[in-house]
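For the numbers below, each heavy atom of this structure counts, side chains included, while hydrogens, waters and symmetry mates do not. Here is the naming used below: chain letters follow the sequence lines, and residue numbers restart at 1 for every chain.
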Amino acid sequence: MVNVENEVSAVPQDAAPPFALVRGEAFNTLPRDLYIPPDALEVFLETFEGPLDLLLYLIKRQNLEILDISVAEITRQYMVYIELMKGLQLELVAEYLVMAAMLAEIKSRMLLPRPPGVAEGEEGDPRAELIRRLQEYERYKRAATDVEALPQLGRDIFTVSAERPDTQVMRLAPQVSLHEVLLALKDVLTRAEMFSHHHVQREALSVRERMSNILSAVNADNFTEFTTLFTVEEGRQGVVVTLLAVLELIKESLLELIQTDTFSPIYVKVPRQSIQGVSDEFATT
Amino acid sequence: MNSQQLKNIIEAALLAADHPLSVDQLAVLFMPAHPEQSTEDAAPTRDELRQALSVLQQECESRGIELKEVSSGYRFQVKQALAPWISRLWEERAPRYSRALLETLALIAYRQPITRAEIEDIRGVAVSSNIIKTLQEREWVRVLGHREVPGRPALYGTTREFLDFFSLKGLGDLPTLAEISSLDGIPTQMHLNQSEINPMSDNNSPDSNPGSNIVQLYPAANDTKADTNEASAHG
Amino acid sequence: MNSQQLKNIIEAALLAADHPLSVDQLAVLFMPAHPEQSTEDAAPTRDELRQALSVLQQECESRGIELKEVSSGYRFQVKQALAPWISRLWEERAPRYSRALLETLALIAYRQPITRAEIEDIRGVAVSSNIIKTLQEREWVRVLGHREVPGRPALYGTTREFLDFFSLKGLGDLPTLAEISSLDGIPTQMHLNQSEINPMSDNNSPDSNPGSNIVQLYPAANDTKADTNEASAHG
């Protein structure tokens, strides 16, 4: 017998330990139908993925179809393996014992005489549920093999890549919807209770737009002729808006009106100090 | 932009990206960076992009790489016939996966959405948490939702990364589940086989259960499904 | 091994490796795996390898990549001329604008010309310099002039770019305050663009809309369960 002391050293036996213990009795010879090299037995037993896997192995070893299994014979062989696993102190998960109980129950039902008057099929084959489970497991066991055979990245398939060109990560500016801006305004105006005071009105808005336009059109170095600020095509209303804008700008000291003589052309210009302010600001930053 | 330049940009993009690129992702490369900014060149249409991809695919016939469409888009890969030489670039062999992991993965792939208890039911043994964790870390499997039963167990499904890893365009490309002969006189079992042997066949009927969800999760799978079924019906 | 296959293996190897390969490193790929084992094909000589590299180099003229020799060997790289398109693979969308920024922008739009102090007055909190700077960099806001008061504060107004971005012909197109006060919080279509524009944001990823998938999963999942239960009840 091959030396298996190392594998079974956990078995609390002294000199010449038996191969395994079955129901308390020393188990010194392997079952005749187990032709696995003994030193590989433990590894072998551990490869089973559970009771269904072990049963499928036993069925295949007998060259049987799942449908043709003899429950009595399969149960006998199954129990031998269970005892072997116990003897080797493999971690025997509960599922193996549950299956043993199920096999025993099927076996006993197969032995019971069918009650008279009950036609075959009504009671059903006691093996049906076991066969269904074996078939179901077999199906996915094969599927697992099929999946493993698919081309795998790093084993059969190698991805390729080329060196990236010199580039900086482009950072895109966030998207904003007008709706978001308006909601923000609603919030801030609600907070400031601006709605009730009618500080901001549509009319004021177009005057303010015009104020911005005028401010961008004029500068401190040159005089701009007052009349060029008006666009005849805008009609009476446009002229009024521009005039209001100019007056507001003058009130806020953002613009000055210059007329050298009576009836001579009126010019507008940004006050000199204002521009001075710009250069000051740039100088300090 | 002429077709030569379009083709070259696509080739360069697929080789520079570290993951497959879909036609939509390729299209973005040609869109103006800022919506308000217009370009002189009109961006290529989806059809023009597909046309260029097809030309690239043909040109690869005489090359060492091939252009392959997988679930999340197109990628260049080494031709499988050259693997014996190319694999020598790396000293380490690709990892082998345990049977327990592969069986769990297969059950999730073919039976999704599926709970751990259902996997354990079919395999006949407990599924170790490590296996689920490994599958999730590899990004092959993810939680799709929870079954509304006590304990709210997680429902698992596969990801695009899973499909990409195994060079599949969709779940319909998975190998067909084996037909197992049925036992006469066991009607329930027949019924079970018919409805559950091949989850892929369910996809044709819009209201059937697991398949229709999978179609929605993986739109790409939908395209190939009809072909696959037809092919396997003939084969 | 003919020169075509030799060239293809070199092409595949250079593209599969994540670093440049020297001629010596390429030569290793063709050496017999076991010294005692002889191959029918003689391994290519260094000259044959260099010859194949030179052919590959020429063939790249019409492609999107080029074969470059760097200090540690040969590598394929994307042609620099294609960088404007390829670099968009890595572009990222900056985080959303803060509420403070949007409020500031809105006040400048409706109350221009306006100083920072006036904005702070209405908002009730200080306006950070960063906000003004961001708005100026985006070219939505500019300095129109300075108010003639101590400190000569800048007067801010909106720009033509601001109007263009929001598709306004003029400030008069902005809704009136009465219209604004009846606004509800339902966001409009424009944010959708955000996810479509970035090529790296994976629109196809099933994760992008987990909610809707889960809703659809539940009824189906329950159906599956019902089938299973029925089947096992009969079995």
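- Both the backbone and the side chain of B:S62 come within less than 4.5 Å of a heavy atom of chain C.
- Closest approach of B:A12 and C:I86 over heavy atoms only: CB-CD1, 3.8 Å.
- For chain C, the nearby parts of B:I9 are the backbone and the side chain; heavy atoms of each come within less than 4.5 Å.
- A donor-acceptor pair under 3.5 Å is absent between the side-chain atoms of C:R63 and the main chain of B:E11, judged by distance alone.
- Atom CZ of C:R99 sits in a crowded spot, with more than 12 heavy atoms from other residues, nucleotides or ligands closer than 6.0 Å.
- The two atoms that bring B:V78 and C:A16 nearest to each other are CG2-CB, 3.9 Å, heavy atoms only.
- The distance from atom CH2 of B:W85 to atom CG of C:L26, rounded to the nearest 0.5 Å, is 14.0 Å.
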After noting the C-alpha distance and the side-chain angles of C:L29 and B:L89, does the key distance pass the side-chain contact (heavy atoms from CB on, under 4.5 Å) rule? CA-CA 7 Å; C:L29 304 181; B:L89 285 170; 4.0 Å; yes
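- Neither the backbone nor the side chain of C:I10 comes within contact range of chain B; no heavy atom of the residue lies under 4.5 Å from a heavy atom of that chain.
- Interface remark: C:I65 contributes backbone and side-chain atoms alike to the contact with chain B (heavy atom separation under 4.5 Å).
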